[in-house]
2 protein chains.
Amino acid sequence: MATANVTPITSADRTFIQLRQDIVEGVIPAGAKLSETELSTKYQVSRAVIREAINRLTACHIVERRANVGARVVELSQAGLQELYEIRESLEGMAARLAARNMTMAEINKLLNLLDTHFETVREGESYYQEAGDYDFHYRIILGSKNQQLITLLTEGIYHLVRMYRVQLGMAGPRVTTAYAEHKHIAQAILNRDEELAEILMRRHITYSKNTIAKKLASQS
Amino acid sequence: MATANVTPITSADRTFIQLRQDIVEGVIPAGAKLSETELSTKYQVSRAVIREAINRLTACHIVERRANVGARVVELSQAGLQELYEIRESLEGMAARLAARNMTMAEINKLLNLLDTHFETVREGESYYQEAGDYDFHYRIILGSKNQQLITLLTEGIYHLVRMYRVQLGMAGPRVTTAYAEHKHIAQAILNRDEELAEILMRRHITYSKNTIAKKLASQS
DNA sequence: AAGGACTATATTGTCGACAATGATTTGGTT
DNA sequence: AACCAAATCATTGTCGACAATATAGTCCTT
């Protein structure tokens, strides 16, 4: 059972992941046209593979396709950010509620440990917390919901778009310590199995976070 | 400008829609294997087109695919229904909130008219209300949210799965008049621009509706 | 007879070529 | 010179063939 459950990775899978990363990280800029032939030479795969990758990216709203015309990377806009975060607020709020119901004590303890680790990191002035740390926290709560559809929707769909906004707008700012406090409160609510409060706090937390990014975006445009 | 904005329909689009319908309506039963070659002869298109259609169905969780093995129609289960309705509660709750904020007075009036029409239909004992009427109401509120991403997520993704459960479990039951009353209250909250209440009422409404289907499913299995 | 390895078969994954559609450029007309 | 039409070009959509992988069936070994 050494090689158990290694889900096979097809060429289309790799290309999809690579292409998604290149878009999210801004290597391929927002609004750019995605030429199938061009990409097929660039990534050294056939057009069919590129097409499948593009179709998958279309499904999670990272690119937009028009029949017989082609696909473009989505533009980042104030309106788009607003829409995205309304959905995120809704779904992650529900995730927090379900996490308060379904997470095991072991999982909750690991979540609390994670926050302690982050706290140390924040004290030492590292910026680690910003990117990966925040993601870790939210990721665990999403998984803790135990709702497979919700998990897929968020981790495969929404989150890459969220990351695209954060990366390309160069997230930084004074929200580190306040965000930490919010995380702590949410974790506490989950520990208390208070579904109602967990959802409310998560929704607020995401709203605050949206406002920060929105300001950033406004100042740049 | 006679033929303005007629978005071209490709063969893949048609096949996708047809295949989705056949699955939702139960022509292709839940759990069935989707052989690409078989479907390509059945629908008279090439395998590439079938593949694209299947991939799109995978994106909205109507079929599940495993690399190098194939695609199957999802199974309908108590757990799956639970998960689906948790998401629906979350997203449609948000849709109702946004609808209370963003719907125009004209749209709200049309919504109220729709309910009156439905009321007449219900009084006359027709069962029209069950399927199409309920859909109409929810559909208008979703559109009223004015959140394009949310609209796509619900109308292209979630709703076909919801319909699949409803159709294949043969929805009927005594919920007609109570559902009508709930719809009326939601519409009233939207008219009052009461976002908070609109969301709460919509979430309750969907929870009730879930319980009805869950009972049905339990009694059949 | 049971278990495992190997082979055969069927299905999916990938590819290059052709067809159809949309964009561009060129030429003509007013 | 400006505008419209037709032909050219590039790009996407579709197809059939080939390669790679998983399944199932067979044969051999213990």
Side-chain angles (χ1 to χ4, degrees), chain A residues 1-20 22-23 28-29 31-75 156, chain B residues 1-20 22-23 28-29 31-75 156:
Chain A
M1 290 283 280
T3 61
N5 276 347
V6 279
T7 33
I9 298 287
T10 76
S11 176
D13 291 329
R14 272 193 304 273
T15 309
F16 164 63
I17 292 171
Q18 181 66 49
L19 185 56
R20 181 177 64 189
D22 287 350
I23 291 175
I28 300 174
K33 181 168 194 324
L34 297 176
S35 162
E36 295 182 357
T37 50
E38 189 182 324
L39 291 174
S40 75
T41 61
K42 180 175 175 183
Y43 291 101
Q44 298 286 359
V45 289
S46 90
R47 256 189 64 217
V49 172
I50 293 289
R51 267 183 79 81
E52 180 169 337
I54 290 181
N55 278 335
R56 289 202 220 171
L57 289 171
T58 308
C60 50
H61 301 272
I62 288 179
V63 314
E64 289 168 345
R65 142 165 282 164
R66 284 199 321 173
N68 292 313
V69 174
R72 309 192 80 88
V73 179
V74 295
E75 295 279 1
E156 296 294 304
Chain B
M1 290 282 279
T3 62
N5 274 348
V6 279
T7 32
I9 297 287
T10 77
S11 176
D13 292 329
R14 274 192 304 273
T15 309
F16 164 64
I17 292 171
Q18 181 67 49
L19 185 56
R20 181 177 65 188
D22 287 351
I23 291 174
I28 299 174
K33 182 168 192 326
L34 296 175
S35 162
E36 294 182 357
T37 51
E38 188 182 324
L39 291 174
S40 76
T41 61
K42 181 175 175 183
Y43 291 99
Q44 299 285 0
V45 288
S46 90
R47 256 189 65 216
V49 172
I50 293 290
R51 268 182 79 80
E52 181 169 337
I54 289 180
N55 277 335
R56 288 202 222 172
L57 289 171
T58 307
C60 51
H61 301 273
I62 288 179
V63 314
E64 287 169 346
R65 141 166 282 163
R66 285 198 320 170
N68 292 312
V69 174
R72 310 192 79 88
V73 179
V74 295
E75 295 279 2
E156 296 295 303

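To find a chain, count down the sequence lines: A is the first, B the second, and so on, and within it residues start at 1.
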Counting C-beta onward and ignoring hydrogens, is there a side-chain heavy-atom pair between [X] and [Y] closer than 4.5 Å?
{"X": "B/Leu19", "Y": "B/Ile28", "value": "yes"}
{"X": "A/Arg56", "Y": "A/Asp13", "value": "yes"}
{"X": "A/Ile54", "Y": "A/Leu39", "value": "yes"}

request  = Using a heavy-atom cut-off of under 4.0 Å over every strand shown, decide if A/Ile54 touches base, sugar-phosphate, or nothing.
outcome  =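 Nothing: the residue A/Ile54, judged by heavy atoms under 4.0 Å, touches no strand.
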Give me the atom names and distance for the closest heavy-atom approach of [X] to [Y].
{"X": "A/Val49", "Y": "A/Ala12", "answer": "CG1-CA, 3.6 Å"}
{"X": "A/Arg20", "Y": "A/Ile62", "answer": "CG-CD1, 4.0 Å"}
{"X": "A/Ala67", "Y": "B/Thr10", "answer": "CB-CG2, 3.7 Å"}

Nearest listed nucleotide, side chain of [X], among [options]:
{"X": "A/Val45", "options": "C/dC15, C/dT12, D/dG13", "result": "C/dC15"}
{"X": "B/Val49", "options": "C/dG13, C/dC15, D/dC15", "result": "D/dC15"}
{"X": "B/Ala67", "options": "C/dT12, D/dT12, C/dG13", "result": "C/dG13"}

In whole Å, what is the span from the [atom1] atom of [X] to the [atom2] atom of [N]?
{"X": "A/Ile9", "N": "D/dA22", "atom1": "CD1", "atom2": "P", "result": "12 Å"}
{"X": "A/Ile50", "N": "C/dC15", "atom1": "CD1", "atom2": "C1'", "result": "13 Å"}
{"X": "A/Arg51", "N": "C/dC15", "atom1": "CZ", "atom2": "P", "result": "15 Å"}
{"X": "B/Asn55", "N": "C/dG13", "atom1": "CG", "atom2": "P", "result": "8 Å"}
{"X": "B/Glu52", "N": "D/dT12", "atom1": "CD", "atom2": "C1'", "result": "11 Å"}
{"X": "A/Asn68", "N": "C/dG22", "atom1": "CG", "atom2": "P", "result": "5 Å"}
{"X": "A/Leu39", "N": "D/dT12", "atom1": "CG", "atom2": "C1'", "result": "13 Å"}
{"X": "A/Gln44", "N": "C/dC15", "atom1": "CD", "atom2": "P", "result": "10 Å"}

request  = List the steps and the verdict of salt bridge (charged side-chain N to carboxylate O under 4.0 Å, His left out) for B/Glu52 and A/Arg51.
outcome  = CA-CA 9 Å; B/Glu52 181 169 337; A/Arg51 267 183 79 81; 3.5 Å; yes
Taking 4.0 Å as the cut-off, does a side-chain nitrogen or oxygen of [X] come that near to OP1 or OP2 on [N]?
{"X": "B/Arg47", "N": "D/dC15", "result": "no"}
{"X": "B/Ser46", "N": "D/dC15", "result": "yes"}
{"X": "A/Arg65", "N": "D/dT11", "result": "no"}
{"X": "A/Lys33", "N": "D/dT12", "result": "yes"}

query = Starting at the 5' end of DNA chain C and moving along, which residue's nearest nucleotide shows up first, A/Ser11 or A/Arg66?
reply =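 On the 5' side of the pair lies A/Ser11.
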inquiry  = Quick check on DNA chain C: between B/Leu34 and B/Ala48, whose nearest nucleotide comes earlier from the 5' end?
reply    =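 Checking each residue's closest nucleotide, the 5'-ward one belongs to B/Leu34.
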key: Inter-end axis angle, the helix from C/dA1-D/dT30 to C/dT30-D/dA1, with every axis fitted to five base pairs (rounded, 10 degrees)   =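 About 10°, once rounded to a multiple of 10°.
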key: Side chains of A/Asn55 and A/Thr58, donor plus acceptor under 3.5 Å   =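 No, A/Thr58 and A/Asn55 have no side-chain donor paired with an acceptor closer than 3.5 Å.
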